[in-house]
Engineer: 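Below: one structure in structure tokens.
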Number of protein chains: 2
Amino acid sequence: MTTAAGTEEKIKAAAREIFLKKGFAATRTRDIAEHADINIALLNYYFRSKEKLFQQIMMETLSTFFGSLLQIFMDRESALQTKFEQCASQYIDLIKQQPDIPMFILSELRAQPEAFVQSIAGNARLKDLVIYEQIVAEMDEHQQKAFDPVHIMINVMSLTLFPFVARPMLQTIGAVNPSEFDDLMEKRKQLIPQWIMEMLK
Amino acid sequence: MTTAAGTEEKIKAAAREIFLKKGFAATRTRDIAEHADINIALLNYYFRSKEKLFQQIMMETLSTFFGSLLQIFMDRESALQTKFEQCASQYIDLIKQQPDIPMFILSELRAQPEAFVQSIAGNARLKDLVIYEQIVAEMDEHQQKAFDPVHIMINVMSLTLFPFVARPMLQTIGAVNPSEFDDLMEKRKQLIPQWIMEMLK
DNA sequence: ACCTAATTTAATCATTTGTTTAAATTAGAT
DNA sequence: ATCTAATTTAAACAAATGATTAAATTAGGT
């Protein structure tokens, strides 16, 4: 009856939850096994080692995180402001569902800078992105390269992601109420594109 | 000759370096002892436990990080834009010297949300800060509360801190060159206050 | 020089943790 | 029903890790 019935996926689901919440070092294989309600040995049976399992989770998470982004950034049809709107909107929705993703990627990427380079970078260079060209064009129109266009890319990510990363800190210092956080982020879907467009003028 | 000659401080210095770089869970007491060039037992002799030592490092780091900020935020004399300029400038300088501080605080605060609440929060509520009043006043002048003033506080921190937190990621995706990162951040001392002031209009 | 308390060291302990082993159980084919 | 390979389990292992102990050494006062 109950054999191999999605055991592998059960382990991955548990691993994903715990790795994303606590990071690689603070995660115990026994925690994962308990959460998945399986014998500890099964983890190694299916995934060889804690590290292999972690890498698989990381790969999939990176793919989820950067996948949709690249599509938006490469779209030749959409206008620049539309891209900012899609970017903010999609990311805020995604991270609302899985709030641990950004911090997980950022902290684990710091711990192992080399391991996942090609998983992310793939082939696309920043300056080959359509959005980058559009930013340069927009800046040239209003001002003559007052600053590096990379600042804009950094700012989009900063304004979108940082609130989630800093949520525990913001709540601790009493900057935001737990209940109103979601409302704030919902509002930012609209605000961030406006702010960014202003920066280009 | 060499006895107690700053042994305690030697341990703390090593602990600070490693805790800040790798976090609590990934840090081994033996690493600290080796780095400090002392016997492992001395760590427990002076600090009782790994956790106690960690808490002490965390307290001091929080103090360093939030200390200067509160002064700027409470200054009744300085103008709003000046505050933004001081804030960006001071933080970028501080974090250039100790780049691991923001990520350390953010990740460890997520791991132990309760432990350091009062260490940070102290007494000051966000809405009692002088800077908050000034933001509200400035917003009232130009627009009638188009959005929550908290967004502005969040944005200052986002634009200032996120690039440091995301540096490994930004470098991995090839968004920034390691050598040009410092220049970018130096330029942001000037840019961030400008961007923020624009948001208020 | 001697004594006492503080500091340092080497060795060891008890637990935790990732992994493996070998046996038991189950699923699916013949 | 029987056989085989895949899956699952209980038990144990080896290494790592935080902590402790008891002896050795050192510093500073008398």
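Just so you know, these numbers use all the heavy atoms, side chains as well, and skip hydrogens, waters and symmetry mates. So you know, we letter chains A, B, ... as the sequences are listed, proteins then strands, and number each from 1. What you see is a predicted model, and the numbers here were worked out from it, not measured in a lab.
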Engineer: B:K22: which residues meet the salt bridge (Lys or Arg N to Asp or Glu O under 4.0 Å) condition with it, sequence neighbours left out?
Structural biologist: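 Scan of B:K22 (salt bridge (Lys or Arg N to Asp or Glu O under 4.0 Å), adjacent residues dropped) gives B:D31.
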
Engineer: Scan residues 68-94 of chain A for pairs that pass ring pair (Phe, Tyr, Trp, His ring centres under 6.0 Å), counting only residues two or more places apart or in two chains.
Structural biologist: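 Listed by first then second residue: A:F65-A:Y91.
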
Engineer: Tell me which residues in residues 13-21 of chain A put a heavy atom below 4.0 Å from DNA chain D, sorted by number, or none.
Structural biologist: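 Listed by number, there are none.
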
Engineer: Which residues pass the side-chain hydrogen bond (donor to acceptor under 3.5 Å, both in side chains) test with A:K96, not counting sequence neighbours?
Structural biologist: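 Applying side-chain hydrogen bond (donor to acceptor under 3.5 Å, both in side chains) to A:K96 gives A:E186.
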
Engineer: Charged N to carboxylate O below 4.0 Å: is that the case for A:E60 and A:K12?
Structural biologist: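 Salt bridge: yes.
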
Engineer: List for me each residue that meets salt bridge (Lys or Arg N to Asp or Glu O under 4.0 Å) alongside A:D93, sequence neighbours excluded, and say none if there are none.
Structural biologist: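 Here the qualifying residues are A:K189.
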
Engineer: Atom CD of B:E8 to atom P of C:dT8: distance rounded to whole Å?
Structural biologist: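 Checked: the CD to P distance equals 10 Å.
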
Engineer: Is A:T7 near enough to D:dT7 that one of its side-chain N or O atoms lies under 4.0 angstrom from OP1 or OP2?
Structural biologist: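 For D:dT7, OP1/OP2 do not have a side-chain N/O of A:T7 under 4.0 Å.
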
Engineer: Applying salt bridge (Lys or Arg N to Asp or Glu O under 4.0 Å), which residue pairs with at least one partner in residues 151-161 of chain B are found, sequence neighbours left out?
Structural biologist: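 Listed once each, the pairs would be none.
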
Engineer: In residues 32-44 of chain B, what residues come within less than 4.0 Å of DNA chain D, judged by heavy atoms?
Structural biologist: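 Within this stretch, B:A41, B:N44 sit under 4.0 Å of the strand.
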
Engineer: Taking side-chain hydrogen bond (donor to acceptor under 3.5 Å, both in side chains) as the test, write out the residues that go with B:Q134, two or more places apart.
Structural biologist: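 B:Q134 satisfies side-chain hydrogen bond (donor to acceptor under 3.5 Å, both in side chains) with B:K83 only.
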
Engineer: Distances under 3.5 Å only, N/O to N/O: pair up the protein atoms with those of nucleotides 14-17 of chain D.
Structural biologist:
from: D:dT17; atom 1: OP1; to: B:R28; atom 2: NE; distance (Å): 2.6

Engineer: Answer yes or no: does a side-chain N or O of B:Y46 lie under 4.0 Å from OP1 or OP2 of C:dT8?
Structural biologist: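 Yes.
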
Engineer: Please give, in whole Å, the distance from C:dA22 P to A:Y45 OH?
Structural biologist: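 Spelled out: OH on A:Y45 to P on C:dA22 is 16 Å.
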
Engineer: With sequence neighbours excluded, tell me which residues meet salt bridge (Lys or Arg N to Asp or Glu O under 4.0 Å) with B:D183.
Structural biologist: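 In terms of salt bridge (Lys or Arg N to Asp or Glu O under 4.0 Å), with neighbours along the sequence ignored, B:D183 is linked to no residue.
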
Engineer: Mind checking what makes side chain to side chain contact (heavy atoms under 4.5 Å, CB included) contact with A:I40, not counting sequence neighbours?
Structural biologist: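 Checked A:I40 against side chain to side chain contact (heavy atoms under 4.5 Å, CB included); matches are A:T29, A:R30, A:A33.
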
Engineer: According to salt bridge (Lys or Arg N to Asp or Glu O under 4.0 Å), who are the partners of A:E198, at least two apart in sequence or on a separate chain?
Structural biologist: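 Result, salt bridge (Lys or Arg N to Asp or Glu O under 4.0 Å) vs A:E198: A:K201.
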
